[in-house]
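See structure below.
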Amino acid sequence: MYQQDCKIVEKEQIKSDVFVLTLESKEIASKADPGQFVEISCGQNTDFILRRPFSIHHVKDSTIKILFRTIGRATMSLSSYSKGDILNIIGPLGQGFEISKEAIIIAGGMGIAPLYYLAEQMLAKGIKPRVLIGAKNKKELLGQEAISELGVEPKIATDDGSIGFKGLVTDLLKQEIYTQIPNPSSLIPTLYACGPEPMLYEVAKIANDNSLDNQLSFERFMACGLGACLSCVCETKKGLIRVCKEGPVIGGEELLEV
Amino acid sequence: MYQQDCKIVEKEQIKSDVFVLTLESKEIASKADPGQFVEISCGQNTDFILRRPFSIHHVKDSTIKILFRTIGRATMSLSSYSKGDILNIIGPLGQGFEISKEAIIIAGGMGIAPLYYLAEQMLAKGIKPRVLIGAKNKKELLGQEAISELGVEPKIATDDGSIGFKGLVTDLLKQEIYTQIPNPSSLIPTLYACGPEPMLYEVAKIANDNSLDNQLSFERFMACGLGACLSCVCETKKGLIRVCKEGPVIGGEELLEV
Amino acid sequence: MDLSVKIAGLKLKNPVITASGTFGSGREYSQLIDLNKLGAITVKGLSLNPWEGNPYPRATETSCGMLNSIGLQNKGVKDFIDNELPFLESFNTCVIANIVGKTVQEYIDVAKELSKTKKIDALELNISCPNIKEGGISFGSDSDSAARLTSAVKEKTDLPLIVKLTPNCADIAALAKSVELAGADAISLVNTFLGMAIDIDTAKPKLANIVGGLSGPAIKPIALRMVWQVCKEVDIDVIGMGGIANANDAAEFLMVGAKAVAVGTANFSDPQTTIDIIKGLKIILKSKEMTDIKELIGSFNAR
Amino acid sequence: MDLSVKIAGLKLKNPVITASGTFGSGREYSQLIDLNKLGAITVKGLSLNPWEGNPYPRATETSCGMLNSIGLQNKGVKDFIDNELPFLESFNTCVIANIVGKTVQEYIDVAKELSKTKKIDALELNISCPNIKEGGISFGSDSDSAARLTSAVKEKTDLPLIVKLTPNCADIAALAKSVELAGADAISLVNTFLGMAIDIDTAKPKLANIVGGLSGPAIKPIALRMVWQVCKEVDIDVIGMGGIANANDAAEFLMVGAKAVAVGTANFSDPQTTIDIIKGLKIILKSKEMTDIKELIGSFNAR
Ligand SMILES: Cc1cc2nc3c(=O)[nH]c(=O)nc-3n(C[C@H](O)[C@H](O)[C@H](O)COP(=O)(O)OP(=O)(O)OC[C@H]3O[C@@H](n4cnc5c(N)ncnc54)[C@H](O)[C@@H]3O)c2cc1C
Ligand SMILES: Cc1cc2nc3c(=O)[nH]c(=O)nc-3n(C[C@H](O)[C@H](O)[C@H](O)COP(=O)(O)OP(=O)(O)OC[C@H]3O[C@@H](n4cnc5c(N)ncnc54)[C@H](O)[C@@H]3O)c2cc1C
Ligand SMILES: Cc1cc2nc3c(=O)[nH]c(=O)nc-3n(C[C@H](O)[C@H](O)[C@H](O)COP(=O)(O)O)c2cc1C
Ligand SMILES: Cc1cc2nc3c(=O)[nH]c(=O)nc-3n(C[C@H](O)[C@H](O)[C@H](O)COP(=O)(O)O)c2cc1C
Ligand code: FES
Ligand code: FES
């Protein structure tokens, strides 16, 4: 874990409200696992005082990328920074995904942020995951191209059917599990998911019904991001855990009420 | 008095910590008298919530200029705006200078901000003021060139003598009054001053000793800038006045303890 | 869409009021906003005779807030009646007079003068100004003296009597209850929180009065909690304030049960705030498919 | 340059302490800052048996502040002694244990367990947590119960006893005086201010507990005023806190008379805050041509 002033070496705007920042940090880049996150100080002299957590979206050489949507004060402020500016960053934080030999990746909305890096790392290890991406509609869809460029054609689900399967990405997941010919390798897949909480619970349920391992990346309100303040807790079968420390990736079998 | 979103049509950095912004507002420009000021909202989602007062430094066509030094949170924030950005502005506010036929203008530091506009307006009316500018040193000197370009050669005083007279601008003023040949027009000059408060009191004293009219532009902490909150009061012979409303220009003869 | 509310029987066209001391007598703001659009204007605290207020500096900025120690400078109730009231009368909005005094009798005298005019819609008893030793907070910090003053003034006026509470107390609900029992027609809260700031270079206080009242967004969470507690405790109407800067903030106070809200410090940040809040409340109602602000009031779901 | 101070006889290498509940047991921060540099570490509130705390969501951000309703989740004093204290011991800094209880007896039991270890430098009696019904604030909101608890614990421990006061009271100086008379060796203040926030879309509270404690820069002016009032009133040492985020803030608290300061919420904004404050205080001393922090303490010039 490091705290550093990192230079923004690249800034891309990929939708009207979605940005990618590339940040220089040899140390964080060298330690970052897929599923881990960073805590960023998103502005000076602002009326918000807490850092904000963002998943590590990509690592290359001595840089990391984050992918974010502007939804409030801090992300708006973050989007006003430019190439060359400096951000103070703490990371890598939390427990990431454990890579297994056979994988189905399920991304809902911004959930693609950590899962893109996961897919990339799997491919680097010679594992070819299946990737399902869900979005409200074609316009809000994130990550299709990026995943394709990795050499995996993602399956898409949109609420309104404006592209791909019409319905929830979890319905697409059920199809994938129940109707697709089992993968020739005949290995049992692990499910990897990140997205809105109801989606994660649904994935856990599907995994449970099919006795599949599953690793879910959760979001909780975080004040410290370091495990000190106990504001990010989640109840699990093991008791209360800190999502910033024991998470954000949690085994679905540990959730209560699935 | 208007409240408007005004576009920044030009931004100049004239020293490492001094900026000039040119703002578009036909309405404010058409009403602004020398000595009046505007209240600017210097940032969004900031930890400071009050507007900041800045003197009107120049008016041309439908634009006004402000000249400011970055000394704290709001002025730092203001300096980060760029050409094309929008600022919300209220003005023109307060009572400005009354122009007289014979004038000595005394500027200390940022005090040049309203006095430049005053000099300009006097010249436009065919009155040629004498101008004295004080600064800590040559490096911090503001307005010499700008005033020269108006066609008046200003006299300079610096604390360290790095340029011009060595000493306080008020000492230079005494010289000007006591030792200079009286102006051929033989009109008695009015003193116009803006700068640090001790300087203003000294000008008032000199004016008093020499029975000269004098108009002094004061600074007070201002919450509303409109005359509503009573935070900017100054004790005068007339009682408490609101510097934002009855000022910022105050006749030196009204000050207590001169 | 119906934004109108009733406070102690007084009908306001909408629930947005200006907070005392932050809006002068409205004159200063009338060039920038249409005063006819406001639910009500609360004027600066009025005493019987002119008050000088505290020495300068009287205000300073803090993180998301400000401290003031104006100390209730005002020209006295007669000057107000002669010179400001005729101006205010020309607008189609309610006028609430905030009154202060150094003795019970002075409060009564100010209330009587104002009641006589027949041009004031309600009185707001300021027993909560933290900036002056006599008057203000000395009456408001304990339940007994607050209740005594309330009933003394109530006896001498027919106007709706709003009592403005100080947050500088241990049990705001108990304080509210005691003024309700003493005859208050409505309660407004919060006034400012006593605070201070130091200039570390000079080692001197930033306010000549050393301490002053904290207002602005910084205090909103505490103010909202207090308004909620008071709304649960009393049956009379409550006007909520403290850090309200936009329609969302106003909605929070209405949702916990305030019948109306007052905007103070935010008028300094942006003179359009009250007007923006009125517009914004309509948008909020629409998004909730409500047609009457009274549906929003008290809709907080504490679970 | 001498930054060392004494609190209730305990020597700290500098006056910068971490505030309870915002720094865990130091472990989390030890990868980012050198704990040896701190004046003292105050650990999270410890109860006799493990406490679950309040349901999620437990925190939310407000203007220049945050609300928390953690509710003193902790694994109990034994777990702390077995698993955290050995870690803390390895650093050259003082350790202050913050203790909580639901009964006087529980406070006493926790104090005894900790005193036995001989590895704790001082106890901080938390009678001011606004987030739990029993324990915490129920002891701290009135002078009598605060005094009774203080003397009960004081009898059973030889450790310096710091009593941490709640700001949710009408007269902080009186509260401080009563715990001083009851035997407190030092006083720390402020704990958080009770506040709340609402999600207007859902009409639900942002905290599952509805109310929580407000901390951060927003509260600094009120906290500073209270620390000043307490320093004037009592003779024992005072630790000041509430919204301290930089060396200037810390200097303000020291100038009004606090012997040391604690940093809470600012650790979240920037884990380097404590270290930066220690450096910054040296710069402030230098600019004032002082060589000893004790010259700064109490140097406030109220005129
Ligand atoms: C482990 C983790 C990884 C994340 N990764 C990404 C990512 O890769 N890309 C991305 O766009 N977003 C990510 N988020 C969410 C991101 O942190 C929020 O979008 C951001 O905090 C919103 O800040 P804001 O001020 O713009 O919005 P606000 O106006 O503060 O709030 C908007 C919403 O965000 C929530 N929120 C606010 N502060 C926090 C906080 N400190 N922690 C968690 N939630 C908060 C609020 O509850 C609210 O619902 C992640 C969150 C977590 C916990
Ligand atoms: C009528 C008037 C005209 C002015 N004209 C100019 C000008 O033309 N150019 C220029 O550079 N400056 C001018 N000033 C001063 C300018 O307003 C301050 O520099 C600015 O408010 C500092 O804000 P800050 O946040 O950067 O500094 P801060 O960190 O807030 O404070 C730095 C200093 O500025 C003072 N200050 C802060 N807020 C205010 C306020 N609202 N009103 C007055 N003083 C304040 C503080 O007391 C402190 O001493 C004028 C002030 C007044 C009253
Ligand atoms: C500069 C200033 C002057 C005030 N004067 C008065 C007053 O005369 N009477 C009064 O009852 N409250 C007065 N108040 C308190 C406000 O009416 C309001 O209760 C408080 O500021 C909290 O609201 P806010 O956070 O929206 O400002 C004053 C507040 C400020 C900032
Ligand atoms: C998340 C959080 C948890 C806290 N837990 C405790 C605690 O366990 N015991 C305690 O005495 N104070 C606790 N506090 C209060 C702080 O120690 C401190 O008194 C308060 O936050 C004010 O300081 P600050 O503004 O610097 O945060 C907690 C504060 C926060 C923000
Ligand atoms: S955010 Fe503080 S413990 Fe997780
Ligand atoms: S700044 Fe409000 S009256 Fe002058």
Side-chain angles (χ1 to χ4, degrees), chain C residues 60 62-67 141-142 166-171 175 193-206 208 210-214 216-229 243 245 247-249 251-256 284 287-288 296 299-303, chain D residues 60 62-67 141-142 166-171 175 193-206 208 210-214 216-229 243 245 247-249 251-256 284 287-288 296 299-303:
Chain C
T60 188
T62 67
S63 293
C64 290
M66 65 173 282
L67 287 164
S141 44
D142 93 298
T166 175
N168 301 293
C169 67
D171 188 346
L175 188 59
F193 291 77
L194 202 59
M196 72 188 284
I198 293 177
D199 180 333
I200 67 152
D201 292 332
T202 61
K204 286 185 183 167
K206 287 206 175 169
I210 306 178
V211 294
L214 183 66
I219 67 169
K220 197 194 76 175
I222 321 180
L224 182 66
R225 182 266 297 177
M226 290 184 164
V227 170
W228 177 61
Q229 290 178 328
N248 277 12
D249 295 339
E252 286 189 79
F253 281 83
L254 295 171
M255 288 170 96
V256 297
I284 289 172
S287 77
K288 291 183 172 286
L296 190 70
S299 64
F300 173 51
N301 174 3
R303 286 186 273 199
Chain D
T60 188
T62 66
S63 294
C64 290
M66 65 174 282
L67 287 164
S141 45
D142 94 296
T166 176
N168 300 292
C169 67
D171 188 346
L175 188 59
F193 290 77
L194 202 59
M196 72 187 286
I198 293 178
D199 179 333
I200 66 151
D201 292 332
T202 61
K204 286 184 182 168
K206 287 206 177 170
I210 307 178
V211 294
L214 183 67
I219 67 170
K220 197 194 76 176
I222 321 180
L224 182 67
R225 182 266 298 177
M226 289 184 166
V227 170
W228 177 60
Q229 290 178 326
N248 278 12
D249 296 338
E252 286 188 80
F253 281 83
L254 295 171
M255 289 170 97
V256 297
I284 290 171
S287 77
K288 292 183 171 287
L296 190 68
S299 64
F300 173 51
N301 173 5
R303 286 187 273 198

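Everything quoted here is computed from the prediction, not taken from an experiment. We use all heavy atoms of the structure for the numbers below, so side chains are in, but hydrogens, waters and symmetry mates are not.
- Looking at D:Leu67, only its side chain comes within 4.5 Å of chain C, counting heavy atoms on both sides.
- Using a 4.5 Å heavy-atom threshold, the side chains of C:Leu214 and C:Thr62 count as touching.
- With a 4.5 angstrom heavy-atom cutoff, C:Asp249 does not touch chain D via any of its atoms.
- D:Met196 has its side chain out of reach of C:Glu252: every pair of non-hydrogen atoms, C-beta onward, lies at least 4.5 Å apart.
- Put simply, of C:Ala208, C:Pro221, C:Ser287, C:Cys169, the one with the most heavy-atom pairs under 4.5 Å next to chain D is C:Pro221.
- Contact tally against chain D (heavy-atom pairs below 4.5 Å) for C:Ala245, C:Ala170, C:Ala251, C:Ala197: the top residue is C:Ala170.
- Residues C:Lys288 and C:Ile284 form a side-chain contact, since some pair of their non-hydrogen atoms from C-beta on lies under 4.5 Å apart.
- Contact annotation for D:Asp171: neither backbone nor side-chain heavy atoms come within less than 4.5 Å of a heavy atom of chain C.
- In this structure, D:Val256 and D:Leu224 have side chains that are in contact, with non-hydrogen atoms separated by less than 4.5 Å.
- With hydrogens and angles ignored, the 3.5 Å screen pairs no side-chain donor or acceptor of C:Asp199 with any backbone N or O of C:Lys204.
- At a 4.5 Å heavy-atom cutoff, the contact between D:Ile210 and chain C is made by side-chain atoms alone.
- Atom CG of C:Asn248 is separated from atom CD1 of D:Ile200 by 3.5 Å, given to the nearest 0.5 angstrom.
- The candidate from D:Pro205, D:Gly243, D:Ala218, D:Pro217 with the greatest count of non-hydrogen atom pairs under 4.5 Å with chain C is D:Pro205.
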